[in-house]
Amino acid sequence: MKKFLISILLFITIFFVSDLMIYSLLKANRPIDYKLLIESKKVFFNSENSSDIIFIGDSHIADATDVRIVENITQSTSFNLGLYHSSPIESFYLFKNIIESKDKNPKILAIGTNPKMFTFRTSPGKYTLLVMDNLFLKLDLLKETSKGGFRVFSKSIMEKYLFSTLFKNLMGTNNYKPTREIHKVHNGYLETHNQIPSTKWNKFSKINYLPQNEVQIYYFEKTIELALDNGIEVIIVNPPIWQQWKEEYIKSAIYLEFLETIDKISKKYNLPVYNYSKNDLIQSDFLNIEHLNYFGAQKFSSDLAQWIKVQVPTPIK
Amino acid sequence: MLFNSIDFAVFLPIVFLLYWFVLGKKLNFQNLLLLIASYVFYGWWDWRFLSLIIISSIVDFGVGIGFSKTNDQLKRKILLLTSILVNLGFLGFFKYFNFFAESFADAFTLLGHSFEPSRLDVILPVGISFYTFQTLSYSIDVYKRKLEPTKDIVSFFAFVSFFPQLVAGPIERATNLLPQFYQKRIFEYSQATDGLRQILWGLVKKILIADNAAIFVNKIFENHSEFSGSTLLLTAILFAFQIYGDFSGYSDIAIGTARLFGFRLMRNFAFPYFSRDIAEFWRKWHISLSTWFRDYLYIPLGGSKGNVWMKVRNTFIIFIVSGFWHGANWTFIMWGLINALYFLPLMIQNKNRRYTDVISESKIWPGLKNTLLIGKTFLLTTFAWIFFRSETISQAFDYIRIIFSESLFSTPEGLKPGIFIVILIFSFVEWLQRDKQHGLQFDENRFPRPVRWIIYYVLIIIIMEFGGSQQEFIYFQF
């Protein structure tokens, strides 16, 4: 029996030590833009401070909301927890992690949207698990996304996408240039000044129809309910996209279904929905056709903050 | 609780440590722990249905006590009948009520009198077909005086609900499992490590093979009319591996888990897809159920003794009942019927025991003749699986019709070659291990520890990384 237990312990120890070593190696090879993304968001859970307004959603809200401007105008504290590729189910678990963290409840939850968000497949995503700090919720997210949950035990498996970077770095063939050139980081907002050179501003590829995923809609609503149950005001924020792209996009069934769903949910819970009210966004305000860069974020965040001040009279700070 | 879940990964070490370290010297307490653990394991799914297991256990324990107090044959028969009625009553009520109600209604509709049958809106209790058969084996064996009735209520209840095999077998005989609860268990290092290997292999079968195959099988069976014959043929083959990986994977995990606690469960699968004829297949597939029916139904009916008509009758009865055991649907009955038709010619010609040895023993490759025989048997079973997997008989026939259409020669779509490559590698490993108890059984002296551990690590990583979406075990529904 003693021999058996020692063998098991040794086996598990070697597994986790090797896993940690591989993870460290992978982590060291993480591209700078993604490194900053993850570290900037993790700050929220590592710090003892709470924020009055929390932004969740995917890259659209992450790039669009400069929380410094929101803080100045609304006289609040804010944190941008938008995560690239994040789907509503990921946002739910991230938000639940906030609720279950002691004294982290915000006064306002701003849920950022993306016209494709309800078509995302049910998956634990790429970064959400790396940012969350509650092991049980990570397990729940893995279970709910039907991954069996076992991969939560291996840090290196969760970062598997870095293997190719590691390999390229070892071979000296890594020509990766960061998608976002990040100048500064503040409360989860990554100040990105550049534009993606390969962006086609006038010629767009065909929009393939994808049906909405009921699971994502369900978790979008669950996030709202969780916030409301905890006395948190909820706002829905539609970040802008490049005008010419939008003109093409709104013809698609994906966009129409998205608008219908958002309309239905906002009415169901009586939630205010924010759309950018001005017509002053120019090409240089965009990172690419779907995301704002720093310059666009300045305009957008200012307008959004003014709107929040009017729409949500919750006393903050 | 699913074996392929985090819950079980936490549950098992806790029970194991309590069992050996806290209660290791007290047999009664060990049995009590197993009983409690089994109820927790089952109740994790739905605690309300624990009452069925408890009632079934109380009735059969009482029947056993009754047997011990009387030699009167009539009273003994009444006691046996009580056990049969209660257990099969549960099974009939929860599993077959709606089927019979609908079938009667359909029959009346054919006669021109249509009516809406009353339906039961209850879910099927997980594992009911398994534990009712297990506890029935106790009553029958005690009735036949093959086994002494037990007075140890904890052991008996733990025997009925023993968590490793509670919900999907192997269906243990009281004569094999119950006496193990009376004996002091001694921890054996080699048993425990091989048990862990068997669990690991079971997880590979379930998570890597079955769950990944399920992704394609579910999608294509649900919309079979949209796919070509070639796709449907390959999907039927995928299903053959899905059900094997799913069910034999469960059995491996169950047997391996039981070994960690010092119990030996019966073998349930013996590499059935390497069978050279259907008779051999049925000696290697779901052995615990086949032998249960053989001992408690086939032999009492007369078995293979008697004239040809008796043989034909008994063969059909056992296969059809076996099909019906799997579920209240005509598709399962059809599946049983097809297997009976496969088996019957061998039975009549007394060729059903031609292949009882290990195929191509001590050779690496099977040779042309054996390859053809294996291929033929595999295709026959795969054909029958189409009925097993289909929702209705007409769906199965339509599925087969499309397979045998011109589109059989078109390029398959909707499938990925990766899953077939994985299945090929998996089958090759199983082929190499065909004279062993499971795919990962090996002589520890043959491979040094670092080699063995690297194999385990690789398999664990594969399970974590390539595991398909978590699915329930198919046999839970039976």
Side-chain angles (χ1 to χ4, degrees), chain A residues 1-23 25-26 87 89 93 120-126 129 134-164 211 213 215, chain B residues 2-10 12-13 16-17 19-21 24-25 185-197 200 203-204 206-208 210-212 214-215 218 259-260 262 444 449-450 452-472:
Chain A
M1 173 59 93
K2 204 173 159 188
K3 188 182 164 192
F4 180 75
L5 278 186
I6 290 169
S7 298
I8 294 284
L9 287 175
L10 191 63
F11 183 84
I12 294 171
T13 308
I14 291 173
F15 178 85
F16 282 112
V17 169
S18 318
D19 187 58
L20 212 60
M21 283 163 65
I22 296 167
Y23 167 69
L25 197 62
L26 291 172
S87 63
I89 187 169
Y93 279 100
F120 289 158
R121 66 192 175 90
T122 315
S123 133
K126 214 169 173 181
L129 289 166
N134 184 323
L135 180 69
F136 294 104
L137 288 174
K138 285 186 193 185
L139 284 173
D140 284 347
L141 172 57
L142 283 164
K143 277 161 109 182
E144 287 300 299
T145 48
S146 302
K147 282 291 176 192
F150 289 110
R151 67 181 61 188
V152 81
F153 293 120
S154 164
K155 285 189 150 214
S156 51
I157 286 187
M158 292 215 294
E159 302 254 33
K160 61 178 180 177
Y161 59 90
L162 288 172
F163 274 105
S164 65
N213 179 349
V215 177
Chain B
L2 293 171
F3 280 159
N4 52 334
S5 69
I6 299 284
D7 304 335
F8 186 70
V10 175
L12 182 62
F16 178 84
L17 291 173
Y19 182 84
W20 289 112
F21 282 97
K25 288 175 183 166
R185 267 87 70 180
I186 297 160
F187 184 83
E188 285 180 48
Y189 178 83
S190 60
Q191 283 297 312
T193 50
D194 197 51
L196 283 178
R197 277 195 289 269
L200 183 58
L203 286 170
V204 168
K206 167 64 182 163
I207 296 176
L208 185 64
D211 287 357
N212 278 302
I215 295 167
N218 293 346
R259 290 171 82 182
L260 288 178
E444 293 198 352
R449 177 171 286 187
R452 296 199 309 267
W453 282 22
I454 286 170
I455 294 171
Y456 308 152
Y457 284 128
V458 168
L459 290 176
I460 290 169
I461 297 289
I462 286 173
I463 289 170
M464 283 178 161
E465 176 47 33
F466 297 104
S469 55
Q470 187 182 29
Q471 312 259 343
E472 278 208 349

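Letters A, B, ... are given to chains in the order of the sequence lines, protein chains preceding strands, and every chain is numbered from 1. Just so it is clear, the values below take in all heavy atoms, side chains as well, and ignore hydrogens, waters and symmetry mates.
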Toward chain A, the part of I461(B) with a non-hydrogen atom under 4.5 Å:
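The answer is both parts of I461(B).
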Kindly say whether F15(A) contributes a backbone atom to a donor-acceptor pair with the side chain of D19(A) at under 3.5 angstrom?
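No, D19(A) side chain to F15(A) backbone: no donor-acceptor pair under 3.5 Å.
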Main-chain N/O of I186(B) paired to W20(B) side chain as donor or acceptor, under 3.5 Å
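No, because the side chain of W20(B) does not come within donor-acceptor range (under 3.5 Å) of the backbone of I186(B).
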Side chain / backbone / both / neither for S7(A) at chain B, heavy atoms under 4.5 Å
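Both backbone and side chain of S7(A) come within 4.5 Å of chain B.
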Which atoms of I14(A) approach chain B - backbone, side chain, both or neither, heavy atom under 4.5 Å
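Both backbone and side chain.
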Before we go on, tell me: are the rings of F11(A) and Y457(B) under 6.0 Å apart, centre to centre?
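Under 6.0 Å, so yes.
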Could you report the tightest heavy-atom contact between L203(B) and F3(B), atom names first, then the distance?
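That would be CD2-O, 4.3 Å.
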